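Here is how names work: the chains are called A, B, and so on, in the same order as the sequence lines, proteins then strands, and each is numbered from 1. What you are looking at is a predicted structure, and each value in this text was computed from that prediction instead of being measured.
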Amino acid sequence: MSEIAIKYEDKIVDLQTAKELGLSGEPIELDNSPEALEVLRHSTAHLMAQAIKSLYSDAEFYVGPVVKEGFYYDFKTSAEIGEADLKKIEKQMLSFAKKKYPIERYVISKDEAREKFKNDHLKQAVLDMIPDEDVSIYKQGDFEDLCRGPHLPNIGLIRYFKLTKISGAYLGGDSKNEMLTRIYGIAFATKEALKEHMDMLREAEKRDHRKLGNEMKLFTFREEVGAGFPIWLPAGGRLRARLESLLFKAHRKRGYEPVRGPEMLRSDLWMTSGHYQNYGENMYFTKIDDIEFGVKPMNCVGHIKVYEDELHSYRDLPIKYFEYGVVHRHEMTGALHGLFRVREFTQDDAHIFCRADQIEEQIIEVIDFVDKIMSTFEFDYKMMISTRPDKAVGSDEVWEISTQALKNAMDKHNLPYEIDEGGGAFYGPKIDIKITDAIGREWQCGTVQLDFNLPERFKLEYNGENNDKIQPVMIHRAILGSFERFIGILTEHYAGEFPMFIAPTQVAIVPVAETHKEYAKLLSDKLIDINADSEIYAKNDSLNKRIRTAEKTRVPMIVVIGDEEIENKTVAVRDRRTREQYSMSEDEFLKLIQTKINEVNF
RNA sequence: GCCGACAUAGCUCAGUUGGCUAGAGCAGCUGAUUUGUAAUCAGCAGGCCCGGGGUUCAAAUCCUCGUGUCGGCACCA
């Protein structure tokens, strides 16, 4: 193992820089530590750039940073590069690596750098962003790149890497700018680590909810139906229904009232709410007898109309309405992604109308609710406070007060959070709950939004103790976010092996021979009585085949029924994970299923 | 929406530089078999090769415009 850099004042300093500045510190060896990988991957990005430059001589380079999933480099060339070219570039990289060019570093002034890269408009853009007077250049062979480092001492150290993805990426991350080509890659210090990483990706692929959803017949999409409109199949329907009914009970326990608003409302209302102006490009509109209607992208307006249906006293607050609200949003084609991003979805949505002095307790109550559910499913999640976006309604002052209120509530209860600057809803700041999918992508699920604007816009009020008219505060919240996304994430989280209480089918019953079919049906009926779904595998196939088929559906329990079982009133249980078999009495079995189904309450 | 890739049976995939009647496995149907814990055997059926338009003697294959999907970017539950 060789030394590649040193740690100096908690910073990684490469050997070239350390030598130049005469620094010394704890050595960093080339291993799979985060520090070493940072240096290795950064240098691999440069090696890739060198290879690209040699293959596409007009290539210009923007930035090539190390990121969570490896590294990338953004560049531009007149050549069309596709996935097939990655192999070619990898090969070129290896041949350069074999030459073991040392990576040299020197410093020049920014003006000199401008001159040096005068034919590269992307490097000029990079130079524009650098405030310093002097910049460093790294050189390997005849390839030079403007870079802050740190880098390996020699490109020969780069051996175990893979280019993983190619795509477009906007210059500076802004869709108004030109699009560059981006190639992602990954590198490790050892062959084993690289292999492990690739295995992990393959494993994640197996969990992909789109693949499992298809295999397990949970949901489907069809071209002739339209992009982004999921079709729920029977198995998915059962899973979803279980989740819905559990959650319904949980809402009722916490004082939420079920309500329901219409699917579309007159456009005037969307103007009052501000959706028309601030969210209109995501909405679908239609006309009925010359009056324009907007299909709801959110449920708040409907719930406001419920609130307006009667007068409210300060004694009645908080009032909590909930709805499994179907919403439609015009998502861009490129954003659609299985159940994670669709154009029609159902939110577990609720709106809490409360007094200003109830905000904190209400927010904390919602966060407790979220925690109850996420911990039941064993999800890690993190919370983000999102502040005022560019497109927003309401005064700065109101935004400041409401954002502060969210922070206060979190701080007071020692709840950790990150800040997402400008990520709020147009009507108020929010706390987002983000959970992670099988391959580490984070998805926003639950959300708690504090809103002083819609109550103002709709002139909502309640009677105070002195019979004065006071404006309530609105809290918008969703726990799962949407059934679609949440079930997608659940599918990946459990790799399709759903726990008993939400599994589409609780029990697979396999009768040994035809003569046991009748008894299987009786057992199935008993299961329905305790709210468990079962499927009887009585097709004209071998017993082995039917057990195999049942296994493949990932059903939590398989029971085999034959002469022995019928005679003794027992069932032969086969466990999903261990594939072990054991026998238990039918009564015990039914009790067990019942317990497993009922053990979860949010 | 942008960059790149892809679209063949219900599913997973073959199909050579444009050239015979487009194939396989699984699933489905029919029959035989009635099975004790991960694939019994045989037969049958199943295709506007994503959709329009074009090039060609000839198109699943080449071009073009759509639609959909995938990987990212941008945007978001």
Suppose we call two aromatic rings close when their centres sit under 6.0 Å apart. Are A:Phe377 and A:Phe602 close by that rule? yes
Do [X] side-chain and [N] base share a donor-acceptor contact under 3.5 Å?
X	N	result
A:Arg341	B:C76	yes
A:Ser482	B:A77	yes
A:Arg574	B:A38	yes
A:Tyr170	B:G72	no
A:Glu565	B:G36	yes

Of the listed nucleotides ([options]), which one gets closest to any side-chain atom of [X]?
X	options	answer
A:Val560	B:G36, B:U34, B:G4	B:G36
A:Glu83	B:C2, B:G68, B:A5	B:A5
A:Asn214	B:U40, B:U37, B:C11	B:C11
A:Asn540	B:U69, B:U33, B:U34	B:U33
A:Glu223	B:G68, B:A77, B:G71	B:G68
A:Ile547	B:A38, B:A74, B:G68	B:A38
A:Lys165	B:G68, B:G72, B:C70	B:G72

[X] near the nucleic acid: base, sugar-phosphate alone, or nothing, with a heavy-atom cut-off under 4.0 Å?
X	result
A:Arg329	base
A:Lys517	nothing
A:Ala335	base
A:Ile166	base
A:Lys430	sugar-phosphate
A:Thr447	nothing
A:Asp541	base
A:Thr181	nothing
A:Arg485	base
A:Ile81	sugar-phosphate
A:Gly481	nothing
A:Asp432	nothing
A:Gly82	sugar-phosphate
A:Val327	nothing

Any Lys/Arg nitrogen of A:Arg329 or A:Glu484 sitting under 4.0 Å from an Asp/Glu carboxylate oxygen of the other? no
Using a strict 4.0 Å threshold on nitrogen-to-oxygen distance, state whether A:Lys372 and A:Asp368 make a salt bridge. no
Return the value, rounded to whole Å, for the distance between atom [atom1] of [X] and atom [atom2] of [N].
X	N	atom1	atom2	result
A:Leu233	B:C11	CG	C1'	13 Å
A:Asn278	B:C75	CG	P	17 Å
A:Glu331	B:U69	CD	P	13 Å
A:Tyr537	B:A27	OH	C1'	13 Å
A:Leu171	B:C3	CG	C1'	14 Å
A:Lys88	B:G4	NZ	P	15 Å
A:Lys162	B:G71	NZ	P	18 Å
A:Met557	B:U37	CE	C1'	15 Å

Starting at the 5' end of RNA chain B and moving along, which residue's nearest nucleotide shows up first, A:Tyr184 or A:Cys445? A:Tyr184
Nearest heavy atom decides the nucleotide; on that basis, is A:Ala84 or A:Thr515 closer to the 5' end of RNA chain B? A:Ala84
[N], OP1 or OP2 - any side-chain N/O from [X] closer than 4.0 Å?
X	N	answer
A:Arg182	B:A74	no
A:Asn544	B:A39	yes
A:His516	B:U34	no
A:Thr333	B:G1	yes
A:Ser175	B:A74	no

So with a 6.0 Å cut-off around NZ of A:Lys391, is the heavy-atom count from everything else above 12? yes
More than 12 heavy atoms from other groups under 6.0 Å of CG on A:Asp174: yes
With rounding to the closest Å, how many angstrom separate the [atom1] atoms on [N] and [M]?
N	M	atom1	result
B:C48	B:G43	C1'	28 Å
B:U56	B:U64	C1'	16 Å
B:G71	B:C13	P	14 Å
B:C6	B:C63	P	10 Å
B:U67	B:A24	C1'	29 Å

Pairwise salt bridge (charged side-chain N to carboxylate O under 4.0 Å, His left out) hits with a residue in residues 211-233 of chain A, at least two apart: A:Lys211-A:Glu215, A:Glu215-A:Arg554, A:Arg222-A:Glu224
Look at the side chain of A:Lys123 and the backbone N and O of A:Glu60, then say whether any donor-acceptor pair between them is shorter than 3.5 Å. no
Let me check I have this right: for RNA chain B, each base becomes ., (, ), [, ] or |, based on Watson-Crick or G-U pairs with both distances under 3.5 Å. What is the full string? (((((((..((((.....[...)))).(((((.......))))).....(((((..]....))))))))))))....
Ring-base stacking, A:Phe340 with B:A77 (5.5 Å, 30° cut-offs): no
Any donor-acceptor N or O pair under 3.5 Å, side chains A:His121, A:Glu178: yes
Is the positively charged end of A:Arg41 above the ring of A:Phe71, judged by distance under 6.0 angstrom from the centroid and angle within 45° of the axis? no
Kindly confirm or rule out a cation-pi arrangement of A:Lys320 over A:Tyr256, judged by NZ or CZ under 6.0 Å from the six-membered ring centre and within 45° of its axis? yes
After noting the C-alpha distance and the side-chain angles of A:Ser534 and A:Ser524, does the key distance pass the side-chain hydrogen bond (donor to acceptor under 3.5 Å, both in side chains) rule? CA-CA 6 Å; A:Ser534 63; A:Ser524 165; 3.1 Å; yes
Taking side chain as C-beta onward, heavy atoms only, is A:Phe322 less than 4.5 Å from A:Ile479? no
